[in-house]
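Read the structure below first, then the notes.
Ligands are counted one by one from 1 in listed order, and the atoms in each one are counted from 1 as well.
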Amino acid sequence: MEWTRGRILGRGSTATVYAATRRDSNEILAVKSSELHRSEFLQREAKILSSLSSPYVIGYRGSETRREPNGVVTYNLLMERAPYGTLADAAAKNGGRLEEAAIAKYTREMLRGLEYVHSRGVAHCDVKGSNVVVGEKGEAKLVDFGCSKRVEVESGAVVGTPAFMAPEVARGERQGRESDIWAVGCTVIEMATGSPPWTEGSPVSVLYRVGYSGEAPELPELLTEEAKDFLEKCLKREPKERWTATQLLNHPFLITKPKAEPVSGLVSCSPTSVTDQTFWRSVEEEAEEEGETEELQEDTRYLDRLNLWACHSERIGRLRCVGGLDGSRLDMEGGGWITVRVSCEGTMIGGSHEEYLLGGIVN
Ligand SMILES: Nc1ncnc2c1ncn2[C@@H]1O[C@H](COP(=O)(O)OP(=O)(O)OP(=O)(O)O)[C@@H](O)[C@H]1O
């Protein structure tokens, strides 16, 4: 497929997402790109996404490698473009939190997406506000299947974002459909308060707290009793006691609210149609000024910075591989470094205040 790269729509820890236009139809798409040699997770995401089809899961449009003008070979996942940003953006734009009716609407759609994905034997494994985008019709859609796994066949390393991890995931025991449900609870808290639970402390201390403290996240005061009851069903520490997506879709919090409340204040982050010429002119000018080459080099630098996890002091980075993490195996190694022994190949993440090395082989 012939397509032209446009402006950046979002950046994650593993890839950058750009607007793109199909040259044959002028359809506006999103393309998630990373350098080929770092594209393991993106290729995996493309494979899983290509097998899914739901109005509540971002649509797959193809994947390919290509040599960029600067000679860098990139892997590109082409997707349906969601014009209204993520649920995290929606909360931020709304003064940090969403109204309960909007939370119920987005949660219902997110769960429809998960119900479908789970029925296909896939666990998303990184559900959070910044991995749920708002589509053309204002509907929530799951994105970022880079961590997802086929639950029947895969065990392996646990993955995801510490603040959204279920206790069994934080302990490195298992990760499946039930862990996604815990993350839905955390995402509801994120929509209601503007931040996920467990915001204090480093990712490692968050993991320890989630995994071993026996605590459940604090329920936002402002929510109604129905919403709090819903959260309790998601945030059961014992995975088997958590409700499934299908059960939750029948919870009073989701069925008594009007079906299609308009969510006010949706502001498109990118053009809503191919006739949005002003936007595309600006994209072309931007591309001409900077050159795609420079943008990609900038991304490479950005990814390098991300590997040192220096992009944001409050960011809770992705933990790719925490299998076998055991709180008793935290070793202080001086110089502000903490080594967390894991039973699989380690991943380095760093913070702006402290840096953490998740590495080593134990057992
Ligand atoms: N189809 C899309 N349409 C519009 N914006 C998108 C789309 N997909 C992703 N984005 C934007 O790009 C951001 C990064 O995408 P994504 O989460 O897939 O990347 P990632 O590198 O896997 O991120 P993470 O840090 O969660 O691992 C999203 O938070 C969102 O803002």
- Task: Please determine if Thr86 has a nitrogen or oxygen closer than 3.5 Å to a nitrogen or oxygen of ligand 1.
- Result: no

- Item | Test applied, side-chain hydrogen bond (donor to acceptor under 3.5 Å, both in side chains); reference residue, Lys128; option that passes from Thr161, Asp144, Thr86, Thr187 | Thr161

- Message: With a sphere of 6.0 Å drawn around CD of Glu238, does it hold more than 12 non-hydrogen atoms of other residues, nucleotides or ligands?
- Response: yes

- Task: Please answer whether the main-chain N or O of Ala192 pairs with a side-chain N or O of Arg97 as donor and acceptor at a distance below 3.5 Å.
- Result: yes

- Heteroatom distance test (Lys32, ligand 1): nitrogen or oxygen, under 3.5 angstrom: yes

- Note on the structure: For Ser130, the ligand 1 atoms with a heavy-atom partner under 4.0 Å come out as 28 (C), 29 (O)

- Item | Asp144 N/O under 3.5 Å from ligand 1 N/O | yes

- Classify the contact between Ala30 and ligand 1 as side chain, backbone, both or neither, using a heavy-atom distance cut-off of under 4.0 Å. side chain

- Work out whether the distance between some heavy atom of Lys128 and some atom of ligand 1 is less than 4.0 Å. yes

- Would you mind listing which atoms of ligand 1 come within a distance below 4.0 Å of any non-hydrogen atom of Arg81? 3 (N)

- Taking the six-membered ring for Trp, are Phe230 and Phe253 parallel (under 30°), tilted (30 to 60°) or perpendicular (over 60°)? tilted

- Message: Is it the case that atom NZ in Lys47 sees more than 12 heavy atoms from other parts of the structure closer than 6.0 Å?
- Response: no

- Stepwise, does the salt bridge (charged side-chain N to carboxylate O under 4.0 Å, His left out) test hold for Glu215 with Arg237? CA-CA 8 Å; Glu215 291 171 59; Arg237 290 190 62 87; over 6 Å; no

- Message: Quick test of your reading of the structure: of Ala19, Gly59, Ala82, whose heavy atom lies closest to atom 3 (N) of ligand 1?
- Response: Ala82

- Message: Can a donor-acceptor pair be found, under 3.5 Å and without considering hydrogens, that links the side chain of Trp198 to the backbone of Pro217?
- Response: no

- Does Gly146 come within less than 4.0 Å of ligand 1, judged by its heavy atoms? no

- Task: Kindly determine whether Thr74 and Glu68 satisfy side chain to side chain donor-acceptor pair (under 3.5 Å), including the steps that lead there.
- Result: CA-CA 7 Å; Thr74 55; Glu68 304 294 337; 2.6 Å; yes

- Note on the structure: Going by the 4.0 angstrom heavy-atom rule, the piece of Glu80 near ligand 1 is backbone

- Message: Please work out, at 4.0 Å between heavy atoms, whether the side chain, the backbone, both, or neither of Asn131 comes within that distance of ligand 1.
- Response: side chain

- Enumerate the atoms of ligand 1 whose separation from the nearest heavy atom of Ala15 is less than 4.0 angstrom. 21 (O)

- Task: Determine whether the side chain, the backbone, both or neither of Ile58 has a heavy atom under 4.0 Å from any heavy atom of ligand 1.
- Result: side chain

- Item | Numbered atoms and elements of ligand 1 in range of Gly10, under 4.0 angstrom, heavy atoms | 11 (C), 12 (O), 13 (C)

- Item | Residue among Arg5, Arg66, Lys32 satisfying side-chain hydrogen bond (donor to acceptor under 3.5 Å, both in side chains) with Asn76 | Arg5

